[in-house]
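Below you'll find the structure I mean.
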Amino acid sequence: MSANPPLNLRDCLATQHARLNDALDGTPPAAGRNQYHRDLSPVDWHYAHCHFIEAVWLGERLPQQPPEAQRDWHDLYLPELSPKWRRGGRLPPRGRLRAWGHERQTLHREWLADPAIQDHPLMVGDYLAGFLAQHHAMHLETLEQVRWFARLHGAHPGRAPAPPRPGADTGTRVPDRDWIPFDAARHTVGYAGVDAFDNERGVHETTTGPFEIAARPVSNADHAAFIEQGGYRRPEFWDRAGLEWLRQSGTRGPLGWWRAGDGQWWQTRPDGEAPLDPDAPAMGLCWFAARAHARWAGARLPHEHEWERAAREGALQATGQVWEWCDNAFFPYPGFRAYPYEGFSVPWFDGEHRVLRGGCEWSDPILCRPSLRNFFTPEKRHVFAGVRLVRERTD
């Protein structure tokens, strides 16, 4: 993860179109309209929403034209106009949805190639194609969260092909006592490429260190030991908000973990159930639990700048398997400017959303660059997240 490789952003968009089609076709029609969690819209809605967003940018905002006549698109596919609980029951039949999606894909790729719009600021360097491709990739990852909750409810939501991960770093098994030391130093964070989101821009220098960061994320075996030693019942490891979350949720482990009658741990994942792999990174942790585990281990969560420094210097193993919680809240970089619209990042600079880095098993490679900043509120367990530990230098 030492660099952000150049991308053909129109090819990236075509790849996401193909993945959207596969995701729809890999979902049984009955499961495609169901909402399995209050935070997650049905699979078929995500498929349609992605094509609708393309239609808004390419057919309305970029040429500055009024919306197309089908106002029901806006009422159903704009999140602010359509509460999640209403979406499944208002979707068109699967066949009509699929045909509409294929039609829009062809039409939108033709629009992107129109010579008349190539001088528009949103088209410079194929910015808009990259923005849409990454938007779709995020929704495709959310679809796997939908499948996860469907399986947790005993449903059979089908399966879409996983994104290609030629650069995924599985590494070799490294004992958890292996720590990578960093001295105090000035270094650069952020990203100014054409595919950068507004919250990554504002490349600047900062100082981190001295610190040590774990070579690998916390494993399933590590977190099982935390549970066995009463980690979810010992208040000394939890802050006040975390204790309140524990009390209200009744949570005693990561999302999807359960024990068979013989005492063996199992895990339900989006793609099925299997015995817990002790060496795999622990997944299904909220920020509260990640922070509690770190305290139990005599460590802490990294600041995102520490994480980015270590990733850029090639020090981290097993990145891209789970999103890794960072300790800090999501915040604007120096000189932040909202782009391409005010609501993409600004509403989440609220002091409540926490940063995650690195990508996960279900993340498309275009979302796994070292500078990319994911963000969720601290109670969320369904975002394929784990934790990598940091501690202060002892020498």
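One is the number of the first residue; the rest follow in order along the sequence. Bear in mind the structure is a predicted one, so any value in this text is a computation, not a measurement.
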Looking at every non-hydrogen atom in both residues, tell me the closest pair between Trp100 and Ala48 and how far apart they are.
CZ3-O, 3.6 Å

Partners meeting side chain to side chain donor-acceptor pair (under 3.5 Å) with Gln35 (sequence neighbours left out):
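Per chain and number, Gln35 pairs via side chain to side chain donor-acceptor pair (under 3.5 Å) with no residue.
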
Would you find a donor on one side and an acceptor on the other, under 3.5 Å apart, between the side chain of Arg388 and the backbone of Leu301?
no

Check the angle between the aromatic planes of Phe336 and Phe349 and answer parallel, tilted or perpendicular using the 30° and 60° thresholds.
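The rings of Phe336 and Phe349 stand perpendicular, inter-plane angle above 60°.
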
Quick test of your reading of the model: are Arg354 and Asp327 salt-bridged, counting only N-O distances below 4.0 Å?
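Looking at Asp327 together with Arg354, the answer is no, because their closest N to O distance does not fall below 4.0 Å.
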
Counterpart residues, ring pair (Phe, Tyr, Trp, His ring centres under 6.0 Å), relative to Phe384 (two or more places apart):
Trp148, Trp362

Arg259 NZ/CZ over Trp266 ring centroid, <6.0 Å and within 45° of normal
no

Side chain to side chain contact (heavy atoms under 4.5 Å, CB included) involving Asp44 - partner list, sequence neighbours excluded
Leu24, Arg33, Leu91, Arg94, Leu97

Is any side-chain N of the basic residue among Asp364 and Arg19 closer than 4.0 Å to the acidic one's carboxylate O?
yes

Which ILVMFWY residues are connected to Val124, directly or by a chain of links, through side-chain heavy atoms under 4.5 Å apart?
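Joined to Val124, directly or through intermediates: none.
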
Heavy-atom closest pair, residues Trp258 and Thr268:
NE1-OG1, 3.1 Å

Considering non-hydrogen atoms only, spot the tightest contact between Ile366 and Ala137 and give its length.
CD1-CB, 4.0 Å

Just by modelled atom types, is the Leu285 backbone N or O under 3.5 Å from a matching donor or acceptor in the Trp325 side chain?
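Confirmed, Trp325 side chain pairs with Leu285 backbone.
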
By salt bridge (Lys or Arg N to Asp or Glu O under 4.0 Å), Arg96 pairs with (sequence neighbours left out) none

Shortest non-hydrogen contact between Leu372 and Leu367, atoms and distance
CD2-O, 3.7 Å

Can you see whether Ser41 engages Arg87 through a side-chain donor-acceptor pair at a distance of less than 3.5 angstrom?
yes

Between Tyr47 and Tyr77, is a ring-ring contact (aromatic ring centres under 6.0 Å, His included) present by the stated rule, with each step listed?
CA-CA 10 Å; Tyr47 178 85; Tyr77 301 131; 9.9 Å; no

Give a yes or no answer on whether the side chain of His49 reaches the backbone of Trp45 with a donor-acceptor pair at less than 3.5 Å.
no

Could you tell me whether the side chains of His136 and Glu54 share a donor-acceptor contact shorter than 3.5 Å?
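His136 vs Glu54: donor-acceptor pair found between side chains.
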
Suppose we screen for side chain to side chain contact (heavy atoms under 4.5 Å, CB included). Which residues come up paired with Pro83, at least two apart in sequence or across chains?
Trp85, Arg86

For Asn34, enumerate each residue passing the side chain to side chain contact (heavy atoms under 4.5 Å, CB included) test, keeping only those at least two apart in sequence or located in another chain.
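Residues passing side chain to side chain contact (heavy atoms under 4.5 Å, CB included) with Asn34: Tyr36.
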
Before giving the answer on ring-ring contact (aromatic ring centres under 6.0 Å, His included), spell out for Phe211 and Phe182 the whole-Å C-alpha distance, their side-chain angles and the decisive distance to 0.1 Å.
CA-CA 5 Å; Phe211 67 94; Phe182 284 87; 5.0 Å; yes

Electrostatic pair Arg373:Glu304 at N-O distance under 4.0 angstrom
yes

Sequence neighbours excluded, which residues qualify as side chain to side chain contact (heavy atoms under 4.5 Å, CB included) partners of Pro347?
none

Ion pair check, Glu273 and Arg269, cut-off under 4.0 Å
no

For His187 and Thr208, which I'm curious about, is there any donor-acceptor pair between the side chains at under 3.5 Å?
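Yes - a donor-acceptor pair under 3.5 Å links their side chains.
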
Could you check whether Thr377 and Glu352, counting side-chain N and O atoms only, form a donor-acceptor pair closer than 3.5 Å?
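Judged by distance alone, the side chains do not pair up.
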
Arg337, CZ atom: more than 12 neighbouring heavy atoms under 6.0 Å:
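For Arg337, atom CZ is not crowded (no more than 12 foreign heavy atoms under 6.0 Å).
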
Determine whether the side chains of Asp39 and Gln145 contain a donor N or O and an acceptor N or O closer than 3.5 Å.
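Judged by distance alone, the side chains do not pair up.
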
Near His120 NE2, under 6.0 Å, is it more than 12 heavy atoms from other residues, nucleotides or ligands?
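For His120, atom NE2 is crowded (more than 12 foreign heavy atoms under 6.0 Å).
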
For residues Trp323 and Glu141, is any side-chain donor paired with an opposing acceptor at under 3.5 Å?
yes

So, using side chain to side chain donor-acceptor pair (under 3.5 Å) as the criterion, who are the partners of Asp350 when residues are at least two apart?
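Side chain to side chain donor-acceptor pair (under 3.5 Å) check on Asp350 returns His353.
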
Least distance between heavy atoms, Asp277 atom then Asn220 atom:
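The pair with the smallest heavy-atom distance is O-ND2, 2.7 Å.
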
Got a donor-acceptor contact below 3.5 angstrom from the Arg151 side chain to the Pro157 backbone?
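No; judged by distance alone, with no hydrogens or angles, the pair does not exist.
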
Lys/Arg N to Asp/Glu carboxylate O, Arg357 vs Glu324, below 4.0 Å
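No.
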
Let's go through Glu244 and Arg240 carefully: what are the C-alpha distance in whole Å and the side-chain angles of both, what is the deciding distance for salt bridge (charged side-chain N to carboxylate O under 4.0 Å, His left out) to 0.1 Å, and is it a yes or a no?
CA-CA 6 Å; Glu244 180 61 18; Arg240 181 176 300 177; over 6 Å; no

Which pair of non-hydrogen atoms, one from Ala299 and one from Leu389, has the smallest distance, and what is that distance?
CB-CB, 4.0 Å

Hey, do the aromatic rings of His204 and His305 have their centres closer than 6.0 Å?
yes

Apply ring-ring contact (aromatic ring centres under 6.0 Å, His included) to residues Phe197 and Tyr191 and explain how you reach the verdict.
CA-CA 9 Å; Phe197 289 128; Tyr191 176 48; 9.9 Å; no

So, do Tyr339 and Tyr127 have ring centers that fall under 6.0 Å from each other?
yes

Flag for His74-Glu60: side-chain donor and acceptor within less than 3.5 Å:
yes

With His382, which residues qualify under ring pair (Phe, Tyr, Trp, His ring centres under 6.0 Å), at least two apart?
His37, Phe149

Would you say Ser219 and Asp279 are linked by a side-chain donor-acceptor pair, where the criterion is simply a distance under 3.5 Å?
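Ser219 and Asp279 do not have a side-chain donor-acceptor pair below 3.5 Å.
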
Transitive ILVMFWY side-chain link Val387 to Val355, under 4.5 Å
no

Does the distance from a Lys or Arg side-chain N to an Asp or Glu carboxylate O, for Arg369 and Glu200, drop under 4.0 Å?
yes

Between Asp271 and Arg147, does the salt bridge (charged side-chain N to carboxylate O under 4.0 Å, His left out) criterion hold? Intermediate values first, please.
CA-CA 8 Å; Asp271 49 4; Arg147 295 184 199 279; over 6 Å; no

Side chain to side chain donor-acceptor pair (under 3.5 Å) partners for Arg300, two or more places apart:
Glu306, Glu392

Using modelled atom types only, decide if a donor and an acceptor are shared between the side chain of Asn8 and the backbone of Asp11 within a distance under 3.5 Å.
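Checking the backbone N and O of Asp11 against the side chain of Asn8, a donor-acceptor pair under 3.5 Å is found.
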
Quick check against the 3.5 Å criterion: does Arg252 have a side-chain atom that pairs as donor or acceptor with the backbone of Ile227?
no

Counting only heavy atoms not in Arg233 (residues, nucleotides, ligands), do more than 12 fall under 6.0 Å from its CZ?
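At most 12 heavy atoms, drawn from other residues, nucleotides or ligands, come within 6.0 Å of this atom.
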
Can you list the residues that meet the ring pair (Phe, Tyr, Trp, His ring centres under 6.0 Å) rule with Tyr232, with sequence neighbours excluded?
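Listed in chain order: His223, Phe226, Trp238.
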
ring-ring contact (aromatic ring centres under 6.0 Å, His included) evaluation trace for His51 with His102:
CA-CA 9 Å; His51 296 93; His102 284 240; 8.2 Å; no

Same cluster (ILVMFWY, side-chain, under 4.5 Å), Phe331 and Phe344:
no

Side-chain contact test, heavy atoms from C-beta onward, threshold under 4.5 Å: evaluate it for Ser371 versus Glu308 and give yes or no.
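Yes. Closest side-chain heavy atoms under 4.5 Å.
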
